[in-house]
Amino acid sequence: MKAALFHGPQQPLTIEDVEIDQPMAHEVVVRTAASGVCHSDLHFVEGSYPHPAPAVLGHEAAGVVEAVGDQVTYVKPGDHVIACLSVFCGTCEQCLTGHPYLCAGPETRRGPDDPPKIRLTKSGEPVHQFLNISSFAERMLVHVNAIVKIREDMPLDRAALIGCGVTTGVGAALNTAKVAPGSTVAVFGAGGVGLAAIQGARIAGARQIIAVDVVESKLGLALELGATHTVDASQNEPSKTIRDMTGGGVDYAFEAIGLADVVKQAFYSTRAGGTTTIIGMIPVGQKIEIEGRHFLSERKLQGSSMGSNRFRVDMPRYIDFYLQGRLRLDEMITKRGKLEDVNEAFRAMKAGEVARTVLMLD
Ligand SMILES: [Zn+2]
Ligand SMILES: [Zn+2]
């Protein structure tokens, strides 16, 4: 199959032929229909997070089941599915207490000391999978607990967005922070994930939703998708501006960029008792410095992993929201491209030109 190969940080991906294995007992081969290009892919391409090479990146995808292992009963060839990196085992303490997104995943090793089985190769040499998915490729070989079956009237390119960015942002608002009706919210960063958090806050019934960014076009889109106010952080100090706008600060702040300084801005924009949720991927080694006295007023700072999802429950709900017009995804796809356009998609993302590029593989 054709795949975009990662060779190491700061190098362009190249389109190559890669061999893909047959599915093992609990695995599924999915023909990739569409894959979003997510900011977390970019973190690995830029090297702010390490990953072994060569590898096939990509983790925000939807497609059609092509083949299943002999123990798989959940799906059959022809089913439409979304892949999710929150692959769960279903039997561990995290899974059984309602936190499958914190599960370490099903055991894919043959013995405790054996390396994971290599599923992709190029000329006999191993090619690493990325987040158990590797969607910048014509096919994905995944564990059955990394997919959710979806209704067939859902367009697969918009379904792909739900695979990561939308679930991360909407889930951060609905599941992690549990935004309450009538509350006030500030979302720092109006890229794909930030726009999804804004929509999550709107769906939750927040009365004031403040979008913060330095790119004017992104703030315009944020207003279209549910923000009630905007703050251009290139012109104003956002924390003070937000405290002034809300009479003391917001109930919930979200950091959707992945910068330690922006976490501070988000934290200082909350009122006493307010909660700051970090969604962005802060580069390895970076520390966040917060003045300790603010915890006396019960301000909270918390992380969010993939929107604290139960993706087999959440994703079909988000699809219903989309088909009812309550979750808007059409506007979040700025560009569509082919697999060959993956490097251009990274450039456009870095330049702040797009909310999302979706690569169409079918
Ligand atoms: Zn992602
Ligand atoms: Zn588990």
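Atoms within each ligand, like the ligands themselves, are counted from 1 in listed order.
- Electrostatic pairing of K76 and E66 does not count as a salt bridge here, judged by no charged N lying under 4.0 Å from a carboxylate O.
- When rounded to 10 degrees, the angle formed at the Zn ion (ligand 1) by SG (C38) and SG (C164) equals 130°.
- Remark: of the listed residues L361, I15, V342, V342 is the sole one forming a side-chain contact (heavy atoms from CB on, under 4.5 Å) with F136.
- Distances from the Zn ion (ligand 1) show that H39 has no N/O/S atom below 2.8 Å.
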Table please: side-chain donor-acceptor pairs of residues 217-229 below 3.5 Å, with sequence neighbours left out.
{"residue": "T228", "atom": "OG1", "partner": "I209", "partner atom": "N", "Å": "2.8"}
{"residue": "T228", "atom": "OG1", "partner": "I209", "partner atom": "O", "Å": "3.2"}

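- We find that E344 and R347 are joined by a salt bridge, their nearest charged nitrogen and carboxylate oxygen being less than 4.0 Å apart.
- At the Zn ion (ligand 2), the angle from SG in C95 to SG in C103 is 110° when rounded to 10°.
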